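So the structure is just underneath, and the comments pick up after that.
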Amino acid sequence: MAYCAATASSPGGGGALTLPHCSSISRLINFNLSKKTSNHMFFTTAADFRKRRFYVRSEAKPTLKDPVTVEQGDAGSNIETSKSDAEAVASRITYHAEFTPSFSPDGFDLPKAYFATAQSIRDSLIINWNATYDMYERMNVKQAYYLSMEFLQGRALLNAIGNLELTGAYGEALSKLGHKLENVVSQEPDAALGNGGLGRLASCFLDSLATLNYPAWGYGLRYKYGLFKQLITKEGQEEVAENWLEMGNPWEIVRNDISYPIKFYGKVVKGSDGKKRWIGGEDIIAVANDIPIPGYKTKTTINLRLWDTKVPPSDFDLSAFNSGDHTKACETQANAEKICYILYPGDDSLEGKTLRLKQQYTLCSASLQDIITRFEKRSGVNVNVMWNEFPEKVAVQMNDTHPTLCIPELMRILMDLKGISWKEAWDITQRTVAYTNHTVLPEALEKWSLELMQKLLPRHVEIIEMIDEELVNEIVAEFGKSDPELLERKLNAMRILENVELPSSIADLFIKPKDVSALDTSEVSADDEEDDIVGEKEKVVDLEAAPVPPKLVRMANLCVVGGHVVNGVAAIHSEIVKQDVFNDFYKLWPEKFQNKTNGVTPRRWIYYCNPALSKIITKWTGGEDWVLNTEKLAELRKFADNEDLQSEWKAAKRSNKIKVVSFLKEKTGYSVSPDAMFDIQVKRIHEYKRQLLNILGIVYRYKKMKEMTPIERKDKFTPRVCIFGGKAFATYAQAKRIVKLITDVGATINHDPDIGDLLKVVFVPDYNVSVAELLIPASELSQHISTAGMEASGTSNMKFSMNGCILIGTLDGANVEIREEVGEDNFFLFGARAHEISGLRKGRAEGKFVPDPCFEEVKEYIRSGVFGAYNYDELMGSLEGNEGFGCGDYFLVGKDFPSYIECQEKVDEAYRDQKRWTRMSILNSAGSYKFSSDRTIHEYARDIWNIQPLQHN
């Protein structure tokens with residue numbers, strides 16, 4: 001429904017109702033909140049302007065402190081902050097509390113206030129949203145579609161109000177209604193649609209796409225229970241289901257008219273027309289749920305479409321239910337709905353693997369069907385669709401390997417449903433799809449069981465086999481048959497199908513001739529012949545006993561082959577992608593490979609989450625231009641030594657720290673001092689991210705403190721509050737042991753009267769975007785200490801740097817570029833370099849590594865039981881030995897430990913000189929300008945998607 005502005009006379013007057021021309025049904029609801037008058041609701045249609053008046057007697061709830069009269073029909077108009085605008089906003093909030101109820105009519109408590117406020121701002125978003133969509137339809141421009149298994153949005157209310165420039169009006173309006181804006185905002189749960197940097201990046205990209213007016217949409221899944229809600233107990237991490245949808249979601253709009261069929265299992269048959277058809281099996285429906293994404297200071301509002309899964313009511317087995325077999329009656333519903341229950345369900349079981357593959361296919365199939373439907377509609381109802389123009393109108397970006405099935409699914413739709421030839425469909429697919437690589441970890445480069453995929457998606461396996469066959473032919477054509485060893489190596493590295501037989505014509509090249517002996521068999525004795533026969537039998541037994549390697553589909557290789565661009569997400573990562581992960585592909589198709597260093601939105605990650613610092617930046621850079629043009633942040637460099645700026649800067653940081661002190665007390669029960677350095681590491685718990693190195697360094701620090709007198713401690717060590725946050729995957733035992741160690745160390749240190757405020761260790765439970773928005777502005781030191789060459793980019797490092805936090809880290813991911821921009825003197829560097837890692841691991845395997853005595857000392861201290869009775873042998877054992885599963889210190893914690901301790905001593909020294917530290921902090925913010933997602937999106941739009949900004953009036 002579109003809204004239009006209107007004016008109306010008061011209930012008692014005879015003034016005329018004035019409506020401008022509207023192209024669709026419009027609504028005007030005029031409220032006078034006085035109890036003595038009735039509320040008038042006018043419904044008009046533009047077609048005939050016939051007036052229908054309904055009188056509704058009701059008391060307005062809540063009652064405004066100062067009753068006002070405003071018009072609901074102005075919901076979508078631009079509002080400048082003023083008294084009358086605040087009153088208009090208050091009336092809209094009141095209207096939704098009364099007439100869009102999610103709560104009982106009595107009272108106006110904070111949860112109800114949040115929902116009513118969100119629904120009122122959604123009215124404005126819908127108008128801009130509809131206008132943006134109509135413009136895309138009318139202009140028929142090329143549009144980008146960003147497919148991601150994660151979108152870690154965070155809270156939407158403050159971001160939406162700010163982007164629409166209504167913060168002042170909403171703050172004043174809620175004050176009139178008896179609430180503070182910040183208290184209402186705090187009622188919103190974080191949308192549980194992601195886990196870490198992958199989802200947060202995707203959400204930053206949507207914000208930048210809308211702000212920069214690029215035609216684009218996001219596609220994901222609507223997870224009912226998220227990843228999990230993390231609890232921290234005496235046993236460590238425990239997981240329970242997220243409850244973010246328990247009270248409903250005021251931002252989403254269910255599009256019951258937009259749904260698509262999704263098929264699993266079944267079989268492939270060939271019709272009389274020669275076309276392949278995928279029939280039978282299990283059928284479900286994917287239903288669209290839309291969330292508006294507003295741009296900053298623009299009317300452009302793009303869409304995040306999330307798919308939910310269900311089956312039609314006819315699939316409910318009423319007969320089974322009435323006969324008492326309730327489980328069977330609901331089986332098809334349960335199988336459909338569980339697809340969108342959990343993000344990353346455990347995949348140790350076959351059922352878990354199947355569910356994950358179903359999730360990935362649902363995302364790809366529903367999204368592509370939706371994209372193709374839109375393309376056909378925009379092409380014209382009575383026009384033959386020109387499929388060769390599809391890549392000129394559509395760009396599909398696969399965020400990591402999870403959406404890889406887009407490639408065979410697009411092929412299937414084009415060939416089987418649209419009648420396009422293989423050659424044309426493959427050309428269209430390759431020109432449409434692009435792939436962002438986010439990892440160099442082998443386990444994260446997904447490989448799916450070919451047997452499972454054949455069972456679940458039989459038609460797609462046929463298509464993948466054909467793509468693999470074409471790839472094999474191209475590799476043979478490129479490298480020839482003259483060097484079989486080279487050719488075999490290339491095929492082993494580049495094929496999509498792993499451990500799958502080659503075509504016989506090519507496989508014969510690699511058959512090695514047998515070494516036939518020239519013995520005179522006539523001289524061999526019967527006993528010798530018998531021994532030979534026994535030996536042959538033994539050999540046969542040995543061959544039969546050898547495990548047969550599983551047949552796999554390498555999704556990353558399929559992405560490289562099926563897309564027109566492969567990009568890494570930081571300069572060093574993109575080089576590793578080219579020189580290591582996909583080196584053979586890079587040599588074959590160098591033009592495919594690009595770098596697009598990640599970025600984060602400065603709106604959420606400075607402007608809204610750190611208003612104290614934002615005011616200072618605005619003052620010293622001469623305006624708010626920096627919010628859209630982060631290059632302006634560089635102007636802070638010339639003021640880095642200014643005493644007035646330094647004083648304001650320190651005051652802002654302290655005010656943010658005081659907020660965190662209260663938060664930590666509320667969430668963990670621990671009291672910390674705002675005078676201590678706030679040292680923070682918040683990210684997904686993983687061995688390569690090396691939270692273990694951090695906590696071992698803290699244990700070393702604590703042990704040394706305990707060996708000193710109180711005076712020596714105070715002279716030697718800078719007071720610190722060491723804050724951790726992040727989730728360990730539910731089935732990742734080693735990561736959960738790290739969480740347990742952190743919490744045990746904290747419980748001991750925080751209750752040690754000898755240490756007091758010199759050292760505190762706090763693990764923040766259930767870390768999410770909202771917690772990050774509180775911790776990052778208060779941070780002074782942030783740890784980004786992954787093993788060099790293993791972190792693709794990182795984005796939290798960018799957020800911390802933007803907020804004037806100084807980083808300690810390795811030369812890994814975006815750390816390399818951050819250090820270049822902020823200056824080497826303003827980054828604490830330690831550890832082995834990426835090019836050294838393979839050699840160090842090789843030396844370790846050969847027994848050449850000699851651990852530092854301090855490292856051995858720390859491990860023994862932990863084993864001594866000083867931090868409790870928990871047995872940490874498996875965790876400490878992973879740092880010992882030379883090689884093998886669960887040992888050998890693969891992530892080089894022991895190697896980097898001495899360098900890390902030495903670097904932390906430099907941190908202490910720098911922090912004691914507060915003038916120097918504040919200068920470093922200012923220069924970090926000034927040097928962070930490059931790491932805006934606006935810059936990244938401009939590069940994607942120009943170099944990969946070929947889309948242009950499109951702004952409506």
Side-chain angles (χ1 to χ4, degrees), residues 195-197 227-228 230-239 344-349 352 439-446 681-700 724-747 761 763-767 783-791 810 812 831 837 840-841 844-845 849 851 855-856 858-863 865 867-897 900:
N195 176 34
L227 183 71
F228 59 80
Q230 182 191 53
L231 306 178
I232 298 298
T233 69
K234 290 182 179 179
E235 304 305 316
Q237 172 183 294
E238 294 184 8
E239 305 90 23
Y344 302 140
D347 60 354
D348 290 344
S349 65
T439 184
V440 299
L441 295 175
E443 65 268 24
L445 293 171
E446 291 185 300
Q681 187 180 19
V682 283
K683 52 186 76 237
R684 177 167 54 94
I685 310 297
H686 197 290
E687 289 170 277
Y688 90 85
K689 293 180 182 287
R690 299 203 296 191
Q691 287 92 350
L692 184 55
L693 175 60
N694 187 349
I695 194 62
L696 291 178
I698 291 168
V699 170
Y700 179 80
F724 292 83
K727 295 179 179 180
F729 190 66
T731 57
Y732 190 177
Q734 199 73 310
K736 294 178 81 169
R737 292 187 188 107
I738 293 170
V739 174
K740 172 65 175 166
L741 177 59
I742 294 168
T743 56
D744 281 352
V745 169
V761 180
F763 192 101
V764 178
D766 205 37
Y767 176 72
Q783 308 220 19
H784 303 272
I785 56 178
S786 52
T787 311
M790 302 204 74
E791 183 76 84
T810 53
D812 194 28
I837 300 301
L840 290 168
R841 285 181 179 142
R844 178 78 182 230
F849 174 70
F855 185 61
E856 296 298 287
V858 167
K859 290 188 295 179
E860 288 308 309
Y861 194 54
I862 291 171
R863 283 185 165 125
F867 300 113
Y870 185 85
N871 188 336
Y872 282 106
D873 283 347
E874 283 192 78
L875 185 58
M876 295 299 103
S878 70
L879 305 174
E880 298 169 342
N882 293 329
E883 62 178 339
F885 181 76
C887 61
D889 193 12
Y890 183 78
F891 300 99
L892 304 182
V893 174
K895 171 64 179 70
D896 281 350
F897 186 78
Y900 177 70

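Heavy atoms only: backbone and side chains are in, while hydrogens, waters and symmetry mates are out. Quantities reported herein were computed from a predicted structural model and do not represent experimental measurements.
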Task: Rounded distance (nearest 0.5 Å) linking atom CZ of Phe855 with atom CG of Leu693 - done: 8.5 Å

Open item on the list: Ignoring hydrogens and geometry beyond distance, is a side-chain donor-acceptor pair present between Tyr861 and Glu856 at under 3.5 Å?
Closed with: no

TODO: Please tell me if the side chains of Glu880 and Lys859 come closer than 4.5 Å, counting only heavy atoms from C-beta onward.
DONE: yes

Open item on the list: Taking the side chain as everything from C-beta on, heavy atoms only, tell me whether Ile862 gets closer than 4.5 Å to Leu875.
Closed with: no

Task: Rounded distance (nearest 0.5 Å) linking atom CG of Leu741 with atom CD1 of Ile698 - done: 9.5 Å

- [ ] State, with a plain yes or no, whether a side-chain heavy atom of Lys234 is found less than 4.5 Å away from one of Asp744.
- [x] no

Open item on the list: Taking ring pair (Phe, Tyr, Trp, His ring centres under 6.0 Å) as the definition, give me every residue that meets it alongside Tyr872, ordered by chain and number, with sequence neighbours left out.
Closed with: Tyr870

Task: Close side-chain approach of Val761 to Ile695, heavy-atom, < 4.5 Å - done: yes

- [ ] Sequence neighbours left out, what passes salt bridge (charged side-chain N to carboxylate O under 4.0 Å, His left out) with Lys736? Give chain and number order.
- [x] Glu239

Task: Phe729 six-ring face occupied by Arg684 cation (under 6.0 Å, within 45°) - done: no

Task: Short N-O contact, Arg841 and Glu883, less than 4.0 angstrom - done: no

Task: salt_bridge(Lys689, Glu791) N-O dist < 4.0 Å - done: yes

Task: Atom pair CD (Glu446) and CG (Asp347), whose distance is rounded to the nearest 0.5 Å - done: 9.0 Å

Open item on the list: To the nearest 0.5 Å, what is the distance between OG1 on Thr810 and CE on Met790?
Closed with: 11.0 Å

Task: 4.5 Å side-chain heavy-atom contact, Ile232 and Val739 - done: yes

Open item on the list: Determine whether a donor-acceptor pair (N or O, by modelled atom type, separation under 3.5 Å) exists between the side chain of Arg690 and the backbone of Leu892.
Closed with: yes

Open item on the list: Restricting to non-hydrogen atoms, name the atom on Cys887 and the atom on Gly877 that form the minimum distance, rounded to 0.1 Å.
Closed with: CB-O, 3.6 Å

Task: Ser786 side, atom OG; His686 side, atom NE2 - distance, nearest 0.5 Å - done: 11.0 Å

Open item on the list: Once rounded to the nearest 0.5 Å, what's the spacing between atom CD of Gln734 and atom CZ of Phe891?
Closed with: 9.5 Å

Open item on the list: Between Glu874 and Lys740, does any side-chain N to carboxylate O distance fall below 4.0 Å?
Closed with: no

- [ ] Answer whether the closest heavy-atom distance between the side chains of Asn694 and Phe724 falls below 4.5 Å.
- [x] yes

TODO: Run the numbers on Leu840 and Phe849 for side chain to side chain contact (heavy atoms under 4.5 Å, CB included), then give the verdict.
DONE: CA-CA 8 Å; Leu840 290 168; Phe849 174 70; over 6 Å; no

- [ ] With sequence neighbours excluded, tell me which residues meet side chain to side chain contact (heavy atoms under 4.5 Å, CB included) with Asp889.
- [x] Arg844, Leu879, Val893

TODO: Given side chain to side chain donor-acceptor pair (under 3.5 Å), test Glu687 with Tyr890 step by step and report yes or no.
DONE: CA-CA 9 Å; Glu687 289 170 277; Tyr890 183 78; over 6 Å; no

Task: Worked verdict on Phe897 versus Val858 for side chain to side chain contact (heavy atoms under 4.5 Å, CB included) - done: CA-CA 10 Å; Phe897 186 78; Val858 167; 3.8 Å; yes

TODO: Pick out which of Gln237, Gln230, Lys727 makes a side chain to side chain donor-acceptor pair (under 3.5 Å) with Asp766.
DONE: Lys727

